[in-house]
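Okay, so here's the structure we're looking at.
Just so you know, these numbers come straight off a predicted model, no measurement behind them.
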Amino acid sequence: MVANADVVRTLERIADLLDIKGENPFKSRSYRLAAVQVENLSEQLTDILAREGSLDPIEGFGPAISEKMATLLTTGRSPYLEQLEAEIPPTLLEITGLPGVGPRTAATLWKEAGVTTLDDLEAACRSGRLAGLPRMGARTVEKILAACAAQRDTGGRQRRPRAGVEPLVDTLLDALRGLPATRRAEVAGSFRRGRDTVGDLDLLVATEQPHDVLVSFAALPQVERVLLRGDTKCSVVVDGLQVDCRAVAPDQFGAAWQYFTGSQAHNIRLRGIALRRGLLLNEYGVFGSDDDTRVAGATEEEVYEALGLRWIPPEQREDRGEVEAARITPVGVSSQEGSES
DNA sequence: TTAGTATT
DNA sequence: CATAATACTAAA
């Protein structure tokens, strides 16, 4: 019996391998989009296939993906995935799993240096064999070695239960709130959306001194490793868990909290609505696209309102119909939605 | 400045 | 044809 989760894994694996292969990015995106649609299904794909005779009716499933996944459901195997795995060493996926190493780098390491496994990669880094490869300077090699070491220690990244990270969230929020420059600090991301597992933690700080706050954040005693630190954003590892902290001006807090809470699919939906209304939505606010006038941003409520929506509770922000349900302006009434004052 | 990777 | 918008880092 092939479960929906198996189909999701297959679709994502195909997408990852296509990226390493250097295929058209729209192709891998289609597989990822299909994976998201399956994740959101409440019904078993096998039941749909039995009833409909095909998977075509599923959103995000065109003829090609439909046919491939029907084969997987009926035979338990995916010849297409197997062919890709024969073409591209699937162990390269462990390498793209390292933070900072993506599909382009993995492809170069494989084709130019014969690297296919993490052990290969470490040996290649130490041997100096990577010098001369495009975009592969000494600093990059050092970063890769550090990432390999971290991977060995922690066994890599995995989602963990919400309950297990709750104390950490409290500790870090308290630490941020204790900084003199902090005006407000809140948790965002999947934790705020109430998910029962989290892959990382997302924290947001309102401040007039973002640089100072992020320097202090990176220097917290709990921090094991600093992945990156800029003037608005800092990523660290605490207790083996990645923690991203974003610092914004207080009057941008609402837009930033909305953005940082996600989900990604929810944000894309909202930004699409903004475009259709002649607006631009980003983490700094809602802007008129003609001029730079900001029409919202201090609170989440005003961000949603500027888009003609009621505020949506974080737990519902998954792009599973909640945006349509929150519409204040009825659909299809006007063809020029952006023209109201 | 650009390429690559990353985040929601 | 093609999902939105932006941030950080190292290399070129």
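Counting any heavy atom pair closer than 4.0 Å across all strands shown, A:Leu275 reaches sugar-phosphate atoms only and no base atom. Nucleic acid contact class of A:Leu98 (heavy atoms, under 4.0 Å, all strands): sugar-phosphate only. Contacts of A:Ser30 with the nucleic acid, taken as non-hydrogen atoms under 4.0 Å apart, are absent. A:Asp244 comes within contact range of the sugar-phosphate backbone alone, with a heavy-atom separation under 4.0 Å but no base atom that close. As judged by a 4.0 angstrom heavy-atom cut-off over every strand, A:Arg229 is placed among residues touching the sugar-phosphate backbone only. No contact: A:Leu270 has no heavy atom under 4.0 Å from any strand. A:Arg135 comes within contact range of at least one nucleobase, with a heavy-atom separation under 4.0 Å. Heavy atoms of A:Asn24 sit under 4.0 angstrom from at least one base atom. Within the nucleic acid shown, A:Arg32 has no heavy atom closer than 4.0 Å to any nucleic acid atom. Among the atoms of the strands shown, only primed sugar atoms or phosphate atoms (P, OP1, OP2) are found under 4.0 Å from some heavy atom of A:Pro134. Backbone-only engagement by A:Leu281 is indicated by non-hydrogen atom pairs under 4.0 Å involving sugar-phosphate atoms exclusively.
Distance A:Leu204 CG to C:dA7 C1': 15 Å, rounded to the nearest Å. The CD1 atom of A:Ile273 sits 13 Å away from the P atom of C:dA5 (whole-angstrom rounding). Between A:Gln264 atom CD and C:dA4 atom C1' there is a gap of 9 Å when expressed in whole angstrom units. Rounded to whole Å, atom P of C:dA11 lies 9 Å from atom CE of A:Met136. One atom, CD of A:Gln242, and another, P of C:dC8, lie 14 Å apart when rounded to the nearest Å. Note: CD (A:Glu59) to P (C:dT3) measures 12 Å, nearest angstrom. When the P atom of C:dC1 is taken as reference, atom NZ of A:Lys27 falls 17 Å away, rounded to whole Å. Atoms CD (A:Glu142) and P (C:dA10) sit 12 Å apart, rounded to a whole Å.
Here A:Arg192 pairs with A:Thr261, A:Glu300 under the side chain to side chain donor-acceptor pair (under 3.5 Å) rule; sequence neighbours left out. Listed by chain and residue number, A:Arg159 satisfy the side chain to side chain donor-acceptor pair (under 3.5 Å) test with A:Thr197 (two or more places apart in sequence, or in another chain). Residues forming a side chain to side chain contact (heavy atoms under 4.5 Å, CB included) with A:Ala247 (at least two apart in sequence, or on another chain): A:Thr207, A:Pro210, A:Leu214.
Sorted by residue number, the members of residues 252-263 of chain A with any non-hydrogen atom under 4.0 Å from DNA chain B read A:Tyr259, A:Phe260, A:Thr261, A:Gly262.
Salt-bridge annotation for A:Arg32 and A:Asp16: present, with a side-chain N of the basic residue lying under 4.0 Å from a carboxylate O of the acidic one. Look at A:Arg29 and A:Glu23 and you find no salt bridge, because none of the NZ, NE, NH1 or NH2 atoms lies under 4.0 Å from a carboxylate O. A:Glu112 and A:Arg104 are not joined by a salt bridge, as no carboxylate oxygen comes within less than 4.0 angstrom of a charged side-chain nitrogen.
When DNA chain B is scanned in the 5' to 3' direction for atoms under 4.0 Å from non-hydrogen atoms of chain A, the outermost contacting nucleotides are B:dT2 to B:dT8.
Taking for each of A:Gly137 and A:Phe26 the nucleotide of DNA chain C with the nearest heavy atom, the 5'-most of the two is the partner of A:Phe26. Between A:Ile268 and A:Leu133, it is A:Ile268 whose nearest contact on DNA chain C lies nearer the 5' terminus.
Residue A:Tyr284 places at least one side-chain N or O closer than 4.0 Å to OP1 or OP2 of C:dA7. OP1 or OP2 of C:dA4 has not a single side-chain nitrogen or oxygen of A:Asn267 nearer than 4.0 Å.
Note: A:Tyr80 and A:Tyr31 have parallel aromatic rings, judged against thresholds of 30 and 60 degrees for the angle between ring planes.
Identified under the ring pair (Phe, Tyr, Trp, His ring centres under 6.0 Å) test for residues 199-257 of chain A, with sequence neighbours left out: A:Phe253-A:Trp257.
Rounded to the nearest Å, the gap between the C1' atom of B:dT7 and that of C:dT3 is 15 Å.
When distances are taken from the side chain of A:Thr232 to each of C:dA2, C:dA7, C:dA10, the shortest belongs to C:dA7. When each of C:dA2, C:dT6, C:dA4 is scored by its nearest atom to the side-chain atoms of A:Arg246, the top-ranked nucleotide is C:dT6.
Side-chain contact check for A:Tyr304 versus A:Gln258: some heavy-atom pair is nearer than 4.5 Å. Within the 4.5 Å cutoff, the side chain of A:Leu17 has no heavy atoms near those of the A:Glu87 side chain.
Of the possible polar contacts, none joining the A:Gln316 side chain to the A:Pro313 backbone as a donor-acceptor pair under 3.5 Å is found.
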